Amino acid sequence: ESGELPCIVVENTLRAYGEIARRYREMFSFKVIGITGSYGKTSVKYYLNTLLQAQFNSLMTPESYNTPMGVVKTIRGQLKPYHEVFVCEMGAQNVGDIKELCGIAGPRHGIITALGQQHLESFKSQENIIKTKYELADALPEDGFLLLNGDNELIRTNLPRHRFMTYGLTDENDYRASDVKVSSRGTVFTLHTPDGQSCDFQTALLGEHNIVNLTGALAMCHLLGIPLTALKPRLLK
């Protein structure tokens, strides 16, 4: 029994820090975009933060700061009144982890990059992984945007009850990348949007998985009102 006391103290301390960060975050008026997934979330975070700067002053959680303490440190140490968008990566190893992070960060919009078997030893089942990742969807307000990687098989076969849009390379997606061509200069592709727009993009990145991740980031920027033409130069940076 004596060994339980340090754990209780640590848990209470983390909860207190989380509450402080939540109250600090509520002092500002900015949009929070939560990003989670079994893989791909860090890449989407970096792409999205770069693209958002075409129109917004944005901040993202650095490196692998995707735990409650990492999110708290980012909010308390880096978030400023002039920031307009906060891109928050959310990691998880147990059921309830994403819910806890959402309580701290307060996401308005969200991206779920993939469902897979990562951390199955701690989650115990695939169902728990799916439930935990969709805790981000549960936390969004009714008018929030939820984007899902429609090319991911587990997402396609376990769609949430929430309102959502999909992105990827296949024709069924709301936001779709087509005509993907690779050369010595990188990759070119065409992005198609649900409202009938299309725009050609070029990036130094290689690999279809990178184009899928870019499509998710571009989709969120489009939903937030950034013109596609304004995003083209950001991909060349």
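Because the structure is predicted, anything quoted here is derived from the model rather than measured.
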Colleague: Which heavy atom in Ala54 sits nearest to a heavy atom in Arg234, and how many Å separate them?
Modeller: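 Heavy atoms of Ala54 and Arg234 come nearest at CB-CG, 3.8 Å.
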
Colleague: Main chain of Leu154, side chain of Asn158: is a donor-acceptor contact present, judged purely on distance under 3.5 Å?
Modeller: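 Such a contact is found between Asn158 side chain and Leu154 backbone.
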
Colleague: Apply the test side-chain contact (heavy atoms from CB on, under 4.5 Å) to residues Leu148 and Met165: give CA-CA distance (whole Å), side-chain angles for both, the deciding distance (0.1 Å), then the verdict.
Modeller: CA-CA 6 Å; Leu148 308 177; Met165 304 183 81; over 6 Å; no

Colleague: Holding to side-chain contact (heavy atoms from CB on, under 4.5 Å), I want the full list of residues that pass it with Lys232, two or more places apart in sequence or in another chain.
Modeller: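 Partners of Lys232 under the side-chain contact (heavy atoms from CB on, under 4.5 Å) test: Cys199, Phe201.
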
Colleague: List the steps, then state whether side-chain contact (heavy atoms from CB on, under 4.5 Å) holds for Leu231 with Leu235.
Modeller: CA-CA 7 Å; Leu231 296 169; Leu235 288 194; over 6 Å; no

Colleague: Could you measure the distance from the NZ atom of Lys99 to the NZ atom of Lys131? Nearest 0.5 Å is fine.
Modeller: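 Rounded to the nearest 0.5 Å, the NZ-NZ separation comes out at 8.5 Å.
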
Colleague: Looking only at heavy atoms, what is the nearest atom pair of Ile226 and Leu51, with distance?
Modeller: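 Looks like CD1-O, 4.2 Å.
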
Colleague: Tell me, please, which residues at least two apart from His109 pass ring-ring contact (aromatic ring centres under 6.0 Å, His included).
Modeller: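 Scan of His109 (ring-ring contact (aromatic ring centres under 6.0 Å, His included), adjacent residues dropped) gives Phe145.
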
Colleague: If I take atom NZ from residue Lys133 and atom CE from residue Met90, how far apart are they, to the nearest 0.5 angstrom?
Modeller: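 Lys133 atom NZ to Met90 atom CE measures 11.0 Å (nearest 0.5 Å).
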
Colleague: Could you report the tightest heavy-atom contact between Phe189 and Ala177, atom names first, then the distance?
Modeller: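 Phe189 and Ala177 have their closest heavy atoms at CD1-CB, 3.9 Å.
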
Colleague: What heavy-atom pair brings Gly110 and Met220 nearest, and what distance separates the two atoms?
Modeller: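 Between these two residues, the closest heavy atoms are O-CE, 3.7 Å.
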
Colleague: Which pairs pass salt bridge (Lys or Arg N to Asp or Glu O under 4.0 Å) with one or both residues in residues 175-196, sequence neighbours excluded?
Modeller: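 Only Asp171-Arg176 qualify under salt bridge (Lys or Arg N to Asp or Glu O under 4.0 Å).
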
Colleague: Using residues 204-214 as the side-chain source, report each donor-acceptor pair under 3.5 Å to any protein atom, sequence neighbours left out, with the distance given to one decimal.
Modeller:
{"from": "Asn210", "atom 1": "OD1", "to": "Tyr47", "atom 2": "OH", "distance (Å)": "2.9"}
{"from": "Asn210", "atom 1": "ND2", "to": "Leu206", "atom 2": "O", "distance (Å)": "2.6"}
{"from": "Asn213", "atom 1": "ND2", "to": "His209", "atom 2": "O", "distance (Å)": "3.3"}

Colleague: Can you give me the closest heavy-atom contact between Leu115 and Tyr134, atom names plus distance?
Modeller: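 What the structure gives for the nearest pair is CD1-OH, 3.9 Å.
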
Colleague: Rounded to the nearest 0.5 Å, how far does OG of Ser198 lie from NE2 of His192?
Modeller: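 The NE2 atom of His192 sits 6.0 Å away from the OG atom of Ser198.
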
Colleague: Once rounded to the nearest 0.5 Å, what's the spacing between atom CG of Leu169 and atom OG1 of Thr215?
Modeller: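 The OG1 atom of Thr215 is 6.0 Å from CG of Leu169, to the nearest 0.5 Å.
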
Colleague: Quick one: ring-ring contact (aromatic ring centres under 6.0 Å, His included) pairs with a partner in residues 55-80, sequence neighbours left out?
Modeller: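 Listed by first then second residue: nothing to list.
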
Colleague: Between Ile35 and Cys88, is any pair of side-chain heavy atoms under 4.5 Å apart?
Modeller: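 Heavy-atom side-chain distance check fails, nothing below 4.5 Å.
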
Colleague: Take Val72 and Thr67 through the side-chain contact (heavy atoms from CB on, under 4.5 Å) test and state the conclusion after the steps.
Modeller: CA-CA 8 Å; Val72 167; Thr67 64; over 6 Å; no

Colleague: Once side-chain contact (heavy atoms from CB on, under 4.5 Å) is applied, do any residues pair with Leu59, and if so which ones, sequence neighbours excluded?
Modeller: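 Result, side-chain contact (heavy atoms from CB on, under 4.5 Å) vs Leu59: Thr74, Gln78, Leu79, His83, Phe86.
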
Colleague: List the atom of Leu136, the atom of Pro107, and the distance in Å for their closest heavy-atom pair.
Modeller: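 Here Leu136 and Pro107 meet closest at CD1-CG, 3.9 Å.
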
Colleague: Looking at OG1 of Thr61 and NZ of Lys73, how far apart are the two atoms once the value is rounded to the nearest 0.5 Å?
Modeller: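 Between atom OG1 of Thr61 and atom NZ of Lys73 there are 12.5 Å.
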
Colleague: For Tyr175 and His222, does a side-chain donor sit closer than 3.5 Å to a side-chain acceptor?
Modeller: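 Yes, because at least one side-chain N or O of Tyr175 sits under 3.5 Å from a partner of the opposite role on His222.
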
Colleague: Calculate, to the nearest 0.5 Å, the distance between atoms CG and CG belonging to Leu223 and Leu218 respectively.
Modeller: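 Nearest 0.5 Å value for the CG-CG distance: 11.0 Å.
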
Colleague: With Thr170, which residues qualify under side-chain contact (heavy atoms from CB on, under 4.5 Å), at least two apart?
Modeller: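 Once residues adjacent in sequence are excluded, the partners of Thr170 under the side-chain contact (heavy atoms from CB on, under 4.5 Å) criterion are Asp151, Glu172, Asn173.
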
Colleague: Before giving the answer on side-chain contact (heavy atoms from CB on, under 4.5 Å), spell out for Thr187 and Gln202 the whole-Å C-alpha distance, their side-chain angles and the decisive distance to 0.1 Å.
Modeller: CA-CA 6 Å; Thr187 306; Gln202 180 178 343; over 6 Å; no

Colleague: Quick one: side-chain hydrogen bond (donor to acceptor under 3.5 Å, both in side chains) pairs with a partner in residues 135-149, sequence neighbours left out?
Modeller: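 Counting only pairs at least two positions apart or across chains, the side-chain hydrogen bond (donor to acceptor under 3.5 Å, both in side chains) contacts touching residues 135-149 are Arg108-Asp143, Asp138-Arg161, Asp138-His162.
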
Colleague: Going by ring-ring contact (aromatic ring centres under 6.0 Å, His included), name the residues that satisfy it together with Phe164, two or more places apart in sequence or in a different chain.
Modeller: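 Not a single residue meets the ring-ring contact (aromatic ring centres under 6.0 Å, His included) criterion with Phe164.
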
Colleague: Asn49 side chain to Lys45 main-chain N or O, any donor-acceptor pair under 3.5 Å?
Modeller: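 Side chain of Asn49 to backbone of Lys45, a donor-acceptor pair under 3.5 Å: no, none is there.
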
Colleague: Return each pair, listed once, that meets side-chain hydrogen bond (donor to acceptor under 3.5 Å, both in side chains) where at least one residue sits in residues 35-44; pairs must be two or more places apart or across chains.
Modeller: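 Passing the test, one end in residues 35-44: Tyr39-Asn152, Thr42-Glu89.
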
Colleague: Could you check if a side-chain atom of Ile112 sits within less than 4.5 angstrom of a side-chain atom of Leu147, using non-hydrogen atoms only?
Modeller: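 In short, these two side chains do not touch, never coming nearer than 4.5 Å.
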
Colleague: Other hydrophobic cluster members with Val188, side-chain heavy atoms of Ile/Leu/Val/Met/Phe/Trp/Tyr under 4.5 Å, chained?
Modeller: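 Result for Val188 is none, singleton.
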
